[in-house]
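Single-structure report; data block below.
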Amino acid sequence: MSKTVKKFETEVQQLLDLVIHSLYSNKDIFLRELISNASDAIDKVLFESHQNAAVIEGEPEGKIKLIPDKDAGTITIRDNGVGMTLEEVEKNIGTIAHSGTKAFLANLKEQNVAEHPELIGQFGVGFYASFMVADRVTLLTRRAGQDKAAGVRWESTGDGTYTVEECTKETRGTEITLHLKEEMKEYLDEWKIRSIVRKYSDYVQYPIVMDVTRTEVPKGVNGEEIEGAGTIEKTEEETLNSMKAIWTRSKSEVTEEEYEEFYKHVSHDFEKPLKTIHYSAEGTSEFKALLYLPAHKPFDLFMPERKKGVQLYVRRVFITDSCEQLLPDYLRFVKGVVDSSDLPLNVSREILQEDVQIKRIQKSLVGKILSTLSEMREKEADSYLDFYKEFGPVLKEGVHFDYANRDKLQDLLLFESTATDAGSFVSLKEYVERMPEGQEEIYFITGTSRAALEQSPHLEIFRKKGYEVLFLTDPVDEWVVQGLPEYGGKKLKAVDRGDVIPATEEEKKEQEAKREEAAKQYGDLLSFVKEKLAERVKEVRLSNRLTDSACCLVADEHGLNANMERILRAMNQTVPESKRILELNPDHPIMQVMATLFGKDKTNPRLADYCDLLYDQALLTEGSPIADPLRFTCLVAELMVADGKAAAGE
C-alpha cells in the first residue's frame with residue numbers, strides 16, 4: 001500500500017484543538033497517557049497469549065522503553081504490546097474519541113469472559129495529548145502474531161490531515177515518536193523524564209526503561225580506578241519505575257518494613273505510621289486502598305490551603321494527590337492511596353467527576369476508617385489515646401458535618417472532666433455508665449483550658465452533688481455540642497447556660513422556698529443592682545449554682561457564652577450584641593454587707609462601687625476582660641485600705 005493522505009473527521013480536528021489548547025492543565029500528562037496506553041497494549045497481548053501463544057513471538061515479558069534523542073529533538077515511546085492493524089489505526093486515531101480499550105472490554109463482556117486484564121484506555125484521547133508538546137507525531141505499529149510486513153506507519157502534524165501506509169516492522173507492538181516543539185525540548189532531559197515517570201507511572205506493572213549514559217573512570221580487576229586512564233562513557237538500560245504497588249498485594253505478602261517505607265513515601269513523614277489500613281472492596285464498588293493514620297499531626301493540619309485527600313490511582317496510574325471527594329474534610333489527616341478499577345474521570349482524566357460510584361467509595365472508606373478507630377478504642381486504648389491527642393479536634397468536626405456517621409463518631413469522642421486527672425479522658429459511654437442515681441443529663445462546660453475551667457464558679461453545685469462535668473477545651477467543641485444534643489437518651493447541658501441546676505423534686509421545692517425567702521430579703525437590692533448594671537446585664541437574680549463564690553455570669557439557654565464570644569473574635573467575626581445574666585449567691589457574706597448598707601442609706605455611692613466590683617469579678621472568673629481595669633484596681637485598693645483601718649481599730 002502506498003502512502004495515503006487522509007483528513008481527520010471534523011469532530012476529531014475539533015477535539016485535537018481542544019486537547020492541544022485547553023483540555024490538559026499540565027503538559028507533563030502526555031507522557032503519562034502514552035505510557036498508560038502502552039501498558040494497556042501489553043495487558044492485551046499477554047491476555048490473548050493464553051489462547052494463542054503465537055502472539056508472544058518469543059518475547060513473553062512486557063516492557064516500555066523511552067528513547068530521548070537530543071540531536072533529533074525527538075522522544076519515542078516503544079512497547080511490545082498487542083499493536084494495531086491498519087484498520088485499528090484508522091479506528092483508534094482517525095475516529096472521534098474512539099477507544100480501542102473500551103471496545104476490547106465491550107467485546108469481552110459480550111463473550112461473557114469472567115476475568116480480563118485491568119485497562120485504563122481511551123487511546124484516542126490520550127494519544128492526542130502528544131500534540132501539546134510535538135509539532136509532528138510518527139507512529140509505527142504491528143499487530144502481534146501477524147507478518148512483519150503487516151506494519152503500519154502513521155504520521156501527522158496535527159494540521160487536519162494524516163498519512164498512513166504499510167511498512168515492515170520487525171517486532172510486535174507500537175512505537176510513537178514525538179518531534180518536540182522547540183520550547184518543549186526539556187522533555188528530552190533525563191531528570192525531567194524520571195520525575196514524570198516517578199510521579200505518574202511509578203507503579204505501572206511493567207518496567208519502563210531508558211538508556212542512560214554515564215561518564216566514569218575505568219577500573220582494574222581489583223575494582224579500583226585506574227590512574228591516568230581518563231574517562232569512558234558507559235550506556236546502560238535503567239528501569240525508571242519501582243513497579244511496587246504494594247496495595248495490589250495481599251496483606252500477608254507485605255512486610256511491616258514495606259508498609260513503613262511506602263508510608264514515608266506518600267506522606268513525606270520521617271516517623272512510622274500509628275496505624276495501617278489495607279483492604280480491598282468488591283461488589284458495586286471495586287477498589288483497593290492502603291491508608292495510614294499518622295502518629296503526629298502535620299504543622300499545616302489547620303491551614304486551609306494545605307493539600308487534602310489521599311492519592312488516587314486508576315489501575316496503578318496516578319491521577320491526583322488531592323482527591324477531596326474520596327474522604328470528608330474531618331478525615332484530612334489520613335494518608336495513603338486508593339486505586340479503583342473504574343472511576344468516572346473526565347475526558348482528560350485529571351478531574352474526578354461527581355458520581356454515585358464516588359459516593360459509594362467514600363462511604364466504604366469512611367466506614368472502614370471509623371471501624372478501625374473504634375477497634376483501636378476498644379483493644380488498643382493507649383494507641384487510640386495517642387491518636388486522639390493529635391487528631392481529636394479534627395475528628396470532632398465530623399459530629400457537626402457528617403450526620404450519617406454521627407453515632408459512630410460520638411463513641412470515638414474523649415473528654416477530660418472533673419472526675420479525671422489531667423491528661424486522662426472519659427468517653428460519653430463511660431460518663432453515662434457512671435452517672436449517679438438521680439442524674440438525668442450530661443453536663444459540660446466550654447473554655448480555653450482545663451486549668452481555667454477548674455476554677456469556674458459554675459462548677460460549685462456540681463462538685464457538691466458529686467456530678468461529673470466534662471471539660472470541652474477545643475474551639476470546635478462549641479459546634480460539636482450543637483450537632484450532638486444528646487447521647488444515650490441523655491441530653492447534653494452546658495453548666496454556664498440557662499437554669500440547669502440538678503435537683504430532685506424535693507430539692508427543687510426546698511430551693512424554691514429558699515429563693516422566695518431570699519427574694520423577700522434581697523428583692524429591693526436586686527432591683528438596685530439591676531438598675532446600676534442595666535447597660536451591661538440582661539437580668540440580676542439569686543443563684544442556686546453557687547456555693548462559695550459571690551457571683552457569676554450565665555448565658556441564656558441558647559445565648560452566647562464567654563467562650564463562644566472569644567472564638568468569634570479570634571475568627572474576626574462580628575460578635576452579636578448580647579447581655580448575660582448576673583447571678584448572686586444569697587449565702588455569701590457580701591450580700592449581707594450590701595443589704596445592710598442598702599437598708600441604712602440607699603444613696604450611698606459605695607453601693608454603686610460594689611455593683612461594679614461584682615460585675616467585674618464575674619467577668620474575671622469566666623476569663624473575660626474588664627472594661628476599666630484602672631477603676632477596678634482603685635476600688636480594690638480602697639477596700640483594702642478601709643478593711644485595714646477597721647482591723648487596726650482606726
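Sequence positions, counted from 1, serve as the residue numbers for this chain.
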Side chain [X], main chain [Y], donor-acceptor under 3.5 Å:
X      : Y      : result
Thr141 : Gly173 : yes
Asp28  : Ile196 : no
Tyr431 : Glu468 : yes
Asn241 : Val204 : yes
Glu260 : Glu257 : no
Arg332 : Asp329 : yes
Tyr292 : Lys264 : no
Ser49  : Leu46  : yes
Ser374 : Leu370 : no
Ser364 : Arg360 : no

Nearest-0.5 Å distance that lies between atom [atom1] in [X] and atom [atom2] in [Y]:
X      : Y      : atom1 : atom2 : result
His278 : Ser250 : NE2   : OG    : 8.0 Å
Asp202 : Ile208 : CG    : CD1   : 8.0 Å
Ile246 : Phe262 : CD1   : CZ    : 5.5 Å
Ile176 : Ser130 : CD1   : OG    : 6.0 Å
Arg249 : Lys244 : CZ    : NZ    : 8.5 Å

So, using ring-ring contact (aromatic ring centres under 6.0 Å, His included) as the criterion, who are the partners of [X] when residues are at least two apart?
X      : answer
Phe401 : none
Tyr187 : Phe30
Tyr200 : Phe318

With side chains defined as the heavy atoms from C-beta onward, is the minimum distance between [X] and [Y] less than 4.5 Å?
X      : Y      : result
Thr239 : Met243 : yes
Ile277 : Lys368 : yes
Tyr259 : Leu290 : yes
Ile369 : Lys408 : no
Leu240 : Arg198 : no
Ile319 : Gln311 : no
Leu409 : Leu413 : no

**Q.** Qualifying side-chain hydrogen bond (donor to acceptor under 3.5 Å, both in side chains) pairs with a residue from residues 383-396, counting only residues at least two apart or across chains
**A.** Lys396-Asp474, Lys396-Asp477
Taking [atom1] in [X] as the centre, count heavy atoms belonging to other residues, nucleotides or ligands within less than 6.0 Å. Is the count above 12?
X      : atom1 : value
Glu61  : CD    : no
Glu433 : CD    : yes
Glu261 : CD    : no

(Q) Can you confirm if the NZ or CZ of Lys272 lies within 45° of the ring axis of Tyr263 and under 6.0 Å from the centre of its six-membered ring? (A) no
**Q.** Residue pair Arg450 / Thr420, side-chain donor-acceptor N/O under 3.5 Å
**A.** yes
What's the shortest heavy-atom distance between [X] and [Y], and which atoms?
X      : Y      : result
Ala41  : Asp79  : CB-OD1, 4.1 Å
Gly447 : Leu453 : CA-CD2, 3.7 Å
Ile567 : Pro475 : CD1-O, 3.5 Å
Gly81  : Ala144 : O-CB, 4.3 Å
Ser424 : Glu416 : O-CG, 3.2 Å
Ser449 : Thr473 : C-CG2, 3.6 Å

Q: Could you pull out all residues at least two apart from Ala562 that satisfy side-chain contact (heavy atoms from CB on, under 4.5 Å)?
A: Arg566, Arg580, Glu622, Ser624
Counting only pairs under 3.5 Å, give me each side-chain donor-acceptor contact of residues 481-492, with atom names and distances, residues two or more places apart or in other chains.
residue	atom	partner	partner atom	Å
Gln482	NE2	Glu478	O	3.3
Tyr487	OH	Asp411	OD1	2.6

**Q.** Aromatic ring proximity, centroids under 6.0 angstrom, Phe333 and Phe387
**A.** yes
Q: Might you work through the side-chain contact (heavy atoms from CB on, under 4.5 Å) test for Leu291 and Lys335, ending with a clear yes or no?
A: CA-CA 6 Å; Leu291 308 175; Lys335 301 294 183 182; over 6 Å; no
(Q) For Arg406 and Glu397: C-alpha separation, side-chain torsions, deciding distance, then whether salt bridge (Lys or Arg N to Asp or Glu O under 4.0 Å) applies. (A) CA-CA 10 Å; Arg406 185 175 298 170; Glu397 295 174 11; over 6 Å; no
Q: Go through the steps to decide whether Tyr330 and His400 satisfy the test ring-ring contact (aromatic ring centres under 6.0 Å, His included), and finish with yes or no.
A: CA-CA 10 Å; Tyr330 70 89; His400 186 78; over 10 Å; no
**Q.** Verdict with reasoning, Tyr203 to Tyr313, per ring-ring contact (aromatic ring centres under 6.0 Å, His included)
**A.** CA-CA 9 Å; Tyr203 305 112; Tyr313 287 76; 5.5 Å; yes
Q. Between Asp496 and Asn561, is a side chain to side chain donor-acceptor pair (under 3.5 Å) present by the stated rule, with each step listed?
A. CA-CA 7 Å; Asp496 60 350; Asn561 64 359; 3.1 Å; yes
Q: Run the numbers on Glu375 and Lys275 for salt bridge (Lys or Arg N to Asp or Glu O under 4.0 Å), then give the verdict.
A: CA-CA 11 Å; Glu375 187 176 349; Lys275 194 74 174 177; over 6 Å; no
